[in-house]
Protein chains: 4
Amino acid sequence: MTPSRPMRADARRNRARILAAAEEVFAEHGASASTEEVAARAGVAIGTVFRHFPAKRDLLAAIMKDLRRRLIDKAEALIANGDPKTAFFDYFTYLVESSAKIGTVVNLLAEEGPSIEPGEQIMALTHAFGTLMDAAREAGAVRPDVRPDEVIALLTATTHGAMAAGWSDDLRRRTVNLVLDGLRPH
Amino acid sequence: MTPSRPMRADARRNRARILAAAEEVFAEHGASASTEEVAARAGVAIGTVFRHFPAKRDLLAAIMKDLRRRLIDKAEALIANGDPKTAFFDYFTYLVESSAKIGTVVNLLAEEGPSIEPGEQIMALTHAFGTLMDAAREAGAVRPDVRPDEVIALLTATTHGAMAAGWSDDLRRRTVNLVLDGLRPH
Amino acid sequence: MTPSRPMRADARRNRARILAAAEEVFAEHGASASTEEVAARAGVAIGTVFRHFPAKRDLLAAIMKDLRRRLIDKAEALIANGDPKTAFFDYFTYLVESSAKIGTVVNLLAEEGPSIEPGEQIMALTHAFGTLMDAAREAGAVRPDVRPDEVIALLTATTHGAMAAGWSDDLRRRTVNLVLDGLRPH
Amino acid sequence: MTPSRPMRADARRNRARILAAAEEVFAEHGASASTEEVAARAGVAIGTVFRHFPAKRDLLAAIMKDLRRRLIDKAEALIANGDPKTAFFDYFTYLVESSAKIGTVVNLLAEEGPSIEPGEQIMALTHAFGTLMDAAREAGAVRPDVRPDEVIALLTATTHGAMAAGWSDDLRRRTVNLVLDGLRPH
DNA sequence: TATGAATGAGCTTTCATTCAT
DNA sequence: CATGAATGAAAGCTCATTCAT
């Protein structure tokens with residue numbers, strides 16, 4: 001937006017520290033955690049947080065963006081290097097595994113009012129997911145009659161469930177396998 | 001002292017109105033909705049809410065109890081009258097369908113700190129669910145190798161997902177079918 | 001005021017129970033104790049308390065009146081039967097001893113705004129006290145140069161101190177003796 | 001983190017104004033006065049009061065600490081410069097004179113639950129008082145048989161009485177003299 | 001009369017946000 | 001830019017008082 005000048009080094013450093021701190025704090029105490037707590041964890045003053053993120057929801061949104069970025073990167077890596085037969089299943093599993101953070105934040109966003117910037121990132125994520133799924137289908141590893149939106153719904157659900165209900169590692173593994181089993185051709 | 005005579009008529013009426021209002025308000029705005037809003041919706045003064053539910057978490061807990069009661073009733077009706085082959089699937093579907101309310105509340109309770117009264121109700125619910133599932137398995141309608149906790153996990157996940165993500169009716173139906181398909185013998 | 005009819009028996013009984021309960025409760029938790037707590041202790045409903053004492057301050061005032069009544073009775077008994085040489089000192093000591101209740105209430109009244117009905121009772125009390133003191137002076141047991149208001153001030157002070165500071169029985173006895181010593185002729 | 005640099009100028013100014021306002025307000029209306037009233041009197045917003053004193057009892061405690069500090073300073077000044085024969089009596093009188101504030105607060109603290117920080121300050125105060133009293137005794141100005149705790153009890157009592165009962169200046173002077181007379185050798 | 005549910009002003013406290021330093 | 005003190009709008013909760021039962 002503002003072309004202005006590139007961020008000063010210390011400013012960029014602070015921004016990153018705040019994001020990292022926020023991810024931790026919100027994962028621990030929920031979105032109702034105070035911004036002050038985030039500032040403290042990041043080792044900056046409260047004013048600094050608000051300079052970088054004019055409102056709390058901006059901070060939440062930025063965390064989401066960050067998380068999505070990482071998920072997209074992971075997907076693209078799998079698209080480039082993975083075995084089509086397994087890459088899709090690996091990715092699905094990976095998403096659920098890393099859902100502790102994501103899920104928490106997602107959940108909390110729900111409280112902050114719906115739809116914080118769906119935007120192009122979501123599309124990129126959806127697209128990458130679709131690519132992996134298509135590849136798996138062509139390789140005969142996924143039932144041909146399941147539709148992408150259903151699978152994404154399943155993923156969302158499993159992800160939410162995994163964190164909200166506090167499943168044990170074992171239960172989560174078995175449940176994910178059950179879900180994935182349902183996607184394989186009989 | 002006095003052997004706690006039955007609640008006065010107006011008190012019982014108000015209690016019910018508050019519960020109904022709270023269910024609506026929390027479903028709409030999340031658990032962070034104010035108790036004042038609940039009072040307004042119920043058409044009573046704030047003090048009345050606190051007379052019936054001394055703390056906000058008591059109100060949340062009461063809503064949960066009410067919802068669970070209804071779910072248990074439904075299960076028992078199906079156990080008594082349903083066709084073993086389909087009752088389990090019907091119940092699963094019913095639970096997800098009615099999850100808009102349930103899910104929201106469940107979610108929010110998670111934030112209120114862990115474990116608001118796990119209690120016997122949960123056990124009754126789990127037991128009823130297990131009974132339906134066993135009947136379906138014996139009738140050959142469910143894979144013999146899936147375990148109850150996995151299925152409950154799946155249910156939780158689908159339920160959470162359904163409401164948190166705001167699925168369309170159509171998508172929800174297809175997703176639930178996909179899940180249930182995975183539970184049927186191949 | 002209202003000549004009306006004499007109080008019904010149960011009403012009079014309730015009034016007494018409320019007063020007794022209030023004395024206890026306020027002595028324990030201070031004047032900030034809730035009227036509801038008083039009602040509970042008395043075994044009546046809150047409405048009953050307010051029927052007898054239209055406002056909280058009326059309840060406080062009634063307690064005071066009761067206490068003063070007992071103090072006056074005690075003084076009159078000593079005037080009638082006591083030894084002039086010792087009656088005054090006994091009374092002074094008695095007042096301090098029984099000050100736990102009085103003191104608390106007096107203190108708390110201070111918070112309720114100044115001067116809850118000084119009235120004729122105070123005069124009666126002052127007069128009785130003066131009578132005992134005069135008798136002691138005439139018997140040569142009290143310095144002739146101390147004035148009544150000073151001694152009453154001293155009494156007030158000792159009384160307050162005794163309860164506010166939570167003196168031990170031993171300390172209270174020694175302090176009272178020290179004070180009384182100062183009143184005796186050298 | 002940061003080695004707690006000195007308070008910002010405006011913060012220090014506000015802290016002082018809040019303390020001053022609180023002393024006034026609580027002296028006037030008792031400890032039940034609202035924090036809001038204190039904020040208004042100090043000319044700051046309610047949040048500022050709570051930034052400086054996270055809970056109401058912290059504010060009360062701070063006032064006490066301030067008062068005690070002043071009393072200790074006065075005692076030490078008298079120890080350093082006063083005439084042993086009179087310093088003790090002057091101090092006793094000074095304490096009672098300034099008791100309007102002290103007494104009120106002391107009283108109110110009593111309601112806030114027992115013992116807000118007894119701590120070293122109390123010991124310092126007690127010690128200073130004892131020093132003055134010893135000096136007076138050695139100078140032959142105080143009876144050798146009175147014990148320090150009795151005198152402190154007397155002081156407490158007189159102090160409480162002075163403010164609770166609203167003695168006139170004249171009455172207070174005469175009463176204090178009467179008390180002090182009792183402490184002198186016959 | 002007694003009951004106890006309802007009222008609603010008011011209290012303490014929290015926290016997102018602003019702005020002087 | 002960073003700091004952190006100040007702001008003030010809620011929020012949860014209490015309690016004296018009223019009034020339908």
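Keep in mind the model is a prediction, meaning the values are calculated, not measured. Labels below follow one simple rule: chain letters A, B, ... track the order of the sequence lines, proteins then strands, and each chain is numbered from 1.
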| request: Give a yes or no on whether a salt bridge exists between Glu23(D) and Arg70(D), defined as a side-chain N under 4.0 angstrom from a carboxylate O. | output: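 A salt bridge is present here (some side-chain N lies under 4.0 Å from a carboxylate O).
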| Close side-chain approach of Arg12(B) and Arg17(B), heavy atoms under 4.5 Å |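 Arg12(B) does not reach Arg17(B) side chain to side chain.
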| message | Quick check: do Ile18(C) and Arg15(C) have side-chain heavy atoms less than 4.5 Å from each other? | response |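 No. Closest side-chain heavy atoms not under 4.5 Å.
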Rounded to whole angstroms, how far apart are [atom1] on [X] and [atom2] on [N]?
X: Arg57(B); N: dC13(F); atom1: CZ; atom2: P; value: 10 Å
X: Arg13(B); N: dA20(F); atom1: CZ; atom2: C1'; value: 11 Å
X: Asp58(B); N: dC13(F); atom1: CG; atom2: P; value: 8 Å
X: Phe26(C); N: dA16(F); atom1: CZ; atom2: C1'; value: 11 Å
X: Glu37(C); N: dA16(F); atom1: CD; atom2: C1'; value: 15 Å
X: Arg12(A); N: dA2(F); atom1: CZ; atom2: P; value: 12 Å
X: Leu60(A); N: dC15(E); atom1: CG; atom2: C1'; value: 15 Å
X: Lys56(A); N: dC15(E); atom1: NZ; atom2: C1'; value: 8 Å

Determine the minimum heavy-atom distance between [X] and [Y], stating which atoms define it.
X: Ser32(C); Y: His29(C); result: OG-O, 3.7 Å
X: Ala22(C); Y: Ile63(C); result: CB-CD1, 3.5 Å
X: Val38(A); Y: Ala21(A); result: O-CB, 3.7 Å

| field | First of Asp10(C) and Ala45(B) reached from the 5' end of DNA chain E, by closest nucleotide | value |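 The 5'-side residue here is Asp10(C).
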Given [options], the nucleotide with the shortest approach to the side chain of [X]:
X: Arg8(D); options: dG12(F), dT21(E), dT12(E); value: dT21(E)
X: Phe50(A); options: dA16(E), dC13(F), dT17(F); value: dA16(E)
X: Arg51(C); options: dA2(F), dA2(E), dA16(E); value: dA2(E)
X: Ile46(C); options: dT12(E), dG4(E), dA9(F); value: dG4(E)
X: Ser34(D); options: dG4(F), dG12(F), dT12(E); value: dT12(E)

| request: Answer yes or no: is there a donor N or O on one side and an acceptor on the other, between the side chain of Lys56(B) and the main chain of Ala31(B), under 3.5 Å? | output: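 Confirmed, Lys56(B) side chain pairs with Ala31(B) backbone.
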Is the shortest side-chain N/O distance from [X] to OP1 or OP2 of [N] below 4.0 Å?
X: His52(A); N: dC1(F); value: no
X: Thr35(A); N: dC15(E); value: no
X: Asn14(A); N: dC1(F); value: no

| Is DNA chain E part of any stem, that is, at least 3 consecutive Watson-Crick or G-U pairs with both distances under 3.5 Å, and where? |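 As far as DNA chain E goes, consecutive pairing (with distances under 3.5 Å) yields the stems E:2-21 with F:2-21.
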| field | Check against side-chain contact (heavy atoms from CB on, under 4.5 Å), Glu37(C) and Glu24(C) | value | CA-CA 10 Å; Glu37(C) 167 78 17; Glu24(C) 276 180 40; over 6 Å; no
| said: What's Ala33(A) touching, base or sugar-phosphate or nothing? Going by heavy atoms closer than 4.0 Å. | reply: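 Here Ala33(A) touches the backbone only, sparing every base.
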| request: Indicate, with a heavy-atom threshold strictly under 4.0 Å, whether Thr48(D) touches base, sugar-phosphate, or nothing. | output: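 Touches a base.
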| task | Please tell me which of Phe53(B) and Ala11(D) maps to the more 5' nucleotide of DNA chain F, matching each residue to the nucleotide holding its nearest heavy atom. | result |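 The residue closer to the strand's 5' end, by nearest nucleotide, is Ala11(D).
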| field | Residue mapping more 5' on DNA chain F - nearest nucleotide basis, Ala55(B) or Glu36(A) | value |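 First, find each residue's nearest nucleotide; the 5'-ward one identifies Glu36(A).
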